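Quick notes on the structure that follows.
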Amino acid sequence: MLYDIAISASKLDNIGYISDMKFNKRDTMSQISPSPSNESWVYGSFSGRLGSYSEDNVKPLTKRELSRTGSFQDTRSRHSSGMSEGEPSQYSGKYSMLEFSMVYFRENLDRYSTRPNEMGIQSNIKLIENSKLPGLKRKKSFTKQKDTEKLQRQESWSWKEQADMIKWTKTPIVSSLLKLPTEQMNKVAVDCFYSIQQFMGDQPLGAAETDVDCVFRILKASHQCSELRDEIYCQLARQTTNNKSSNSQSCLRGWRLFTLLACWFSPSDVLKPFLINYIQQNASDPSRPYHASAHNCLQMLRKTMKFRGRRNVPSIEEITDIARGKLIKRQAILLPGGIPFYSNISPSTVVQDIIDEICSKLGVVSQMEQDEYTVFAMVESNNEYSRLKREEYIMDVVTELRLQGKECALIFERTSWYFPLRIESATYEYLDMMFMQSIPDYIDGYLLTLDHNSTIPPRQLDDIVSIAALLYRSAGYEDRPESLKEVESYFPGPVLSLGLLRHQQFLDGVNRKLARLTNFSSEDCKVEALNMLKRWPLFGASFFSIQCLTEPKVTGDCLLAVNRAGIHFLHHKTHKVILSYPFTDIISSRKISSAKISDTQYLDIKVGNNMVQKVVRVETSQGPDIAHLIGQYVKAVNSSAKLSS
């Protein structure tokens with residue numbers, strides 16, 4: 001229920017406090033619950049602060065009056081205020097830090113013996129209110145002016161005392177804000193508060209100490225003792241509330257520290273709605289000088305609650321940048337062909353964010369199709385690849401490798417090709433990436449399929465000559481080649497050595513094809529080459545060198561090709577398919593390591609149906625990659641089957 005404060009100027013001194021803030025005439029408040037004394041008092045909030053007020057000084061506000069006054073109307077949408085579904089609104093009057101402090105702060109727990117785990121929060125607040133004013137009688141029978149004034153003064157003092165518990169203080173605390181299990185934790189909490197004050201500039205740094213040392217102490221404490229995380233958040237909320245520091249940068253630096261810590265750990269489920277509401281209140285008010293930092297803090301905290309926070313200790317450079325308000329860093333992501341894509345990453349950027357951003361540029365909007373793309377970290381010194389999980393933080397990956405003395409490059413690739421190419425409606429970026437990723441496998445000869453006489457089918461051979469001409473023209477060459485040497489790099493490696501045609505025949509064939517490409521642009525040539533290659537049976541496959549140990553048909557070294565049609569065991573030279581299994585026949589895959597004395601690794605692939613099953617074992621050092629790729633395809637097959645059913 002909503003109430004309008006209906007008092008005259010002569011009664012203004014009789015208004016009680018909400019925290020330390022008075023109501024003015026025509027202000028509105030929101031009733032949160034029935035009166036704690038169940039008599040003539042209203043318990044409610046104003047701008048997120050709580051208090052009790054005599055019904056003599058308020059009157060109900062009708063819907064029409066509410067609409068006319070415009071009070072309590074939230075003019076900001078959830079999107080514009082940075083809110084998301086299921087989060088508290090800063091305009092609801094609920095989940096204020098004052099409300100949290102009344103029930104969970106050490107001082108109230110000790111003084112009023114509340115039981116937050118056994119009683120509802122409103123019941124605890126009522127208990128505290130009644131305990132704060134044990135000698136006061138809340139009845140309408142107060143008729144003497146001096147009695148009423150005495151009541152208001154005592155109640156105001158009570159709320160001010162409570163409000164001071166969540167306001168900035170220059171004085172270091174002597175005990176934790178929350179009640180912690182051990183005295184040692186209490187001591188660490190006090191030290192954390194002092195480190196916060198040092199970082200904000202409200203206490204001096206020690207000899208040879210830096211801001212970075214303060215952050216490391218706080219992060220170390222939160223890592224070693226998870227019970228301190230709520231305490232640290234409450235301390236930061238306190239030091240950024242009503243900050244009256246003589247240091248003009250104190251509050252801003254407090255919010256920057258808030259932002260930094262929000263990347264590493266989450267609040268408990270109990271504190272979460274109160275903390276989010278507090279940050280939202282500060283982030284949604286552009287008039288506050290630190291509102292942008294509060295907004296950043298809110299975004300970081302949401303990412304942490306979704307992805308569980310950063311795993312590794314930040315670098316000195318990262319802490320220094322955040323302390324200066326610099327959150328964004330340009331990071332190069334290499335696309336196929338070595339083309340860099342520059343992304344603005346923040347401390348909370350995860351791999352999924354990079355995939356979303358690049359896929360958006362490619363025009364890939366379906367989540368199922370986006371699942372086909374992966375980010376790898378490549379250590380440049382030894383060309384070592386590591387597939388990154390989607391929930392990994394980019395800065396964690398980069399920082400960890402640099403601490404090991406390794407420089408890495410981030411690479412974005414399409415790893416599975418279940419969904420067909422969308423050439424007709426594709427963006428330029430999409431066509432270029434598909435082209436640059438497909439051509440290396442083609443040039444290396446992986447897509448070729450030879451027959452038993454080591455010859456190439458006539459249609460495929462014609463495609464090879466056409467693609468050589470297309471690649472030559474797409475590279476920007478206008479003149480006709482005069483020797484095969486000028487175009488030999490555009491043929492698959494084994495083709496010219498097989499003796500299928502004389503070299504002059506290959507050259508003449510390329511020149512005939514080029515005569516038809518006079519009006520073709522570079523993009524047209526790429527499209528035509530992809531249209532030819534996508535008809536080849538091994539197009540879009542990933543290839544792995546293995547030894548099959550359990551199939552009599554497959555002996556010795558061979559290639560395992562994985563594409564949308566299933567897994568295929570290929571002859572290592574001719575690429576002829578020896579054995580295949582569709583994904584509908586694959587039940588599971590599991591990596592197995594041999595005895596500790598050997599580095600040999602195996603991959604067991606269980607195939608069959610409900611009636612008959614068998615395990616195909618292969619020896620390979622790429623077991624995790626093969627298993628992951630098979631999982632990608634199986635997921636796509638199952639998802640498509642559900643959509644079509």
Side-chain angles (χ1 to χ4, degrees), residues 415-418 438 441-442 444-461 463-464 492-495 497-500 533-595 598-638 641:
T415 50
S416 61
W417 297 68
Y418 180 80
S438 303
D441 279 348
Y442 167 76
D444 289 341
Y446 283 110
L447 305 186
L448 292 176
T449 304
L450 308 181
D451 61 20
H452 61 282
N453 293 321
S454 296
T455 59
I456 299 175
R459 181 172 180 177
Q460 196 174 68
L461 185 59
D463 283 348
I464 289 171
V495 169
S497 62
L498 290 175
L500 302 175
L533 285 176
K534 72 179 184 180
R535 298 193 298 262
W536 290 27
L538 294 179
F539 176 76
S542 297
F543 300 90
F544 305 91
S545 296
I546 64 167
Q547 276 193 335
C548 186
L549 305 178
T550 58
E551 292 294 327
K553 295 181 181 179
V554 187
T555 57
D557 294 337
C558 68
L559 283 178
L560 180 69
V562 184
N563 66 1
R564 71 188 312 270
I567 62 173
H568 318 282
F569 295 87
L570 312 179
H571 189 278
H572 71 287
K573 289 185 178 180
T574 66
H575 296 176
K576 180 181 179 181
V577 177
I578 304 172
L579 185 65
S580 291
Y581 293 101
F583 291 112
T584 52
D585 288 352
I586 297 178
I587 300 172
S588 65
S589 58
R590 183 179 61 163
K591 185 193 77 170
I592 297 177
S593 298
S594 63
S598 173
D599 293 332
T600 305
Q601 295 183 343
Y602 304 102
L603 179 70
D604 282 355
I605 306 172
K606 183 182 290 188
V607 298
N609 51 46
N610 292 334
M611 301 298 294
V612 180
Q613 300 176 4
K614 67 175 182 178
V615 174
V616 179
R617 172 168 289 188
V618 300
E619 182 180 328
T620 176
S621 61
Q622 296 176 288
D625 294 327
I626 298 173
H628 179 78
L629 185 58
I630 291 174
Q632 279 186 295
Y633 277 109
V634 170
K635 180 181 178 181
V637 170
N638 293 338

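Since the structure is predicted, the reported quantities are computational estimates derived from the model, not experimental observations. Along the sequence shown, residues are numbered consecutively beginning with 1.
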Quiz item: Mind checking whether Ile626 and Ser589 have side chains closer than 4.5 Å, heavy atoms only?
Solution: no
Practice problem: List for me each residue that meets side chain to side chain donor-acceptor pair (under 3.5 Å) alongside Thr584, sequence neighbours excluded, and say none if there are none. | Solution: none
Under 3.5 Å, sequence neighbours excluded: what are the donor-acceptor pairs made by side chains of residues 618-625?
unit_1: Thr620; atom_1: OG1; unit_2: Gln622; atom_2: N; d: 2.9

Exercise. With sequence neighbours left out, write down each residue that passes side chain to side chain contact (heavy atoms under 4.5 Å, CB included) with Lys635, or none if nothing qualifies.
Key: Asp371, Ser639
Quiz prompt | Spacing of Leu559 atom CG and Ser542 atom OG [to the nearest 0.5 Å] | solution = 12.0 Å
Practice problem: Please examine the side chains of Thr415 and His628, heavy atoms only from C-beta on, and report whether any two atoms are closer than 4.5 Å. | Solution: no
Quiz item: Listed by chain and number, what are the salt bridge (Lys or Arg N to Asp or Glu O under 4.0 Å) partners of Asp444, not counting sequence neighbours?
Solution: none
Quiz item: If you measure from CG on Asn609 to CD1 on Ile587, what distance do you get to the nearest 0.5 Å?
Solution: 7.0 Å
Quiz item: Tell me the salt bridge (Lys or Arg N to Asp or Glu O under 4.0 Å) pairs involving residues 542-570, sequence neighbours left out?
Solution: Glu551-Lys614
Exercise. Please name all residues satisfying side chain to side chain donor-acceptor pair (under 3.5 Å) with His572, sequence neighbours left out, ordered by chain then number.
Key: none
Quiz item: Is there a side-chain contact (heavy atoms from CB on, under 4.5 Å) between Thr455 and Leu461 once you walk through the steps?
Solution: CA-CA 9 Å; Thr455 59; Leu461 185 59; over 6 Å; no
Self-check item: Main-chain N/O of Trp417 paired to Tyr633 side chain as donor or acceptor, under 3.5 Å
Solution: yes
Exercise. State whether the side chain of Thr550 and the backbone N or O of Arg617 hold a donor-acceptor pair below 3.5 Å, judged by distance alone.
Key: yes
Self-check item: Partner residues of His568 under the side chain to side chain donor-acceptor pair (under 3.5 Å) criterion, sequence neighbours left out
Solution: Asn563, Ser580
Practice problem: Would you give the length of the straight line joining atom OG1 of Thr449 to atom CD of Gln460, rounded to the nearest 0.5 angstrom? | Solution: 5.5 Å
Quiz item: Considering only heavy atoms from C-beta outward, does the side chain of Leu447 approach that of Pro492 to under 4.5 Å?
Solution: no
Quiz prompt | Set of salt bridge (Lys or Arg N to Asp or Glu O under 4.0 Å) partners for Asp441, sequence neighbours left out | solution = none
Quiz prompt | For Arg590, salt bridge (Lys or Arg N to Asp or Glu O under 4.0 Å) partners two or more places apart | solution = none
Quiz prompt | Partners meeting side chain to side chain contact (heavy atoms under 4.5 Å, CB included) with Asn610 (sequence neighbours left out) | solution = none
Quiz item: Do you know which two heavy atoms are closest between Ile464 and Tyr442, and how far apart they sit?
Solution: CA-OH, 3.5 Å
Self-check item: Inter-residue atom distance Ile546.CD1 - Ile567.CD1, 0.5 Å rounding
Solution: 8.0 Å
Quiz item: Which one of Val554, Thr555, Leu560 satisfies the side chain to side chain contact (heavy atoms under 4.5 Å, CB included) criterion with Cys548?
Solution: Val554
Quiz item: In chain order, what residues pass the side chain to side chain donor-acceptor pair (under 3.5 Å) check against Asp585, with sequence neighbours excluded?
Solution: none
Quiz item: How long is the span from the CG atom in Leu533 to the OG atom in Ser438, to the nearest 0.5 Å?
Solution: 6.5 Å
Quiz prompt | Side-chain (His571) to main-chain (Lys576) donor-acceptor, under 3.5 angstrom | solution = no
Self-check item: Tyr446 atom OH, over 12 foreign heavy atoms within 6.0 Å
Solution: no
Practice problem: Could you tell me the separation between the CD1 atom of Ile578 and the SG atom of Cys558, rounded to the nearest 0.5 Å? | Solution: 6.5 Å
Self-check item: Stepwise side-chain contact (heavy atoms from CB on, under 4.5 Å) check, Phe569 with Val616
Solution: CA-CA 11 Å; Phe569 295 87; Val616 179; 3.9 Å; yes
Quiz item: Does Arg459 have any salt bridge (Lys or Arg N to Asp or Glu O under 4.0 Å) partners at least two apart in sequence or in another chain, and if so, which?
Solution: none
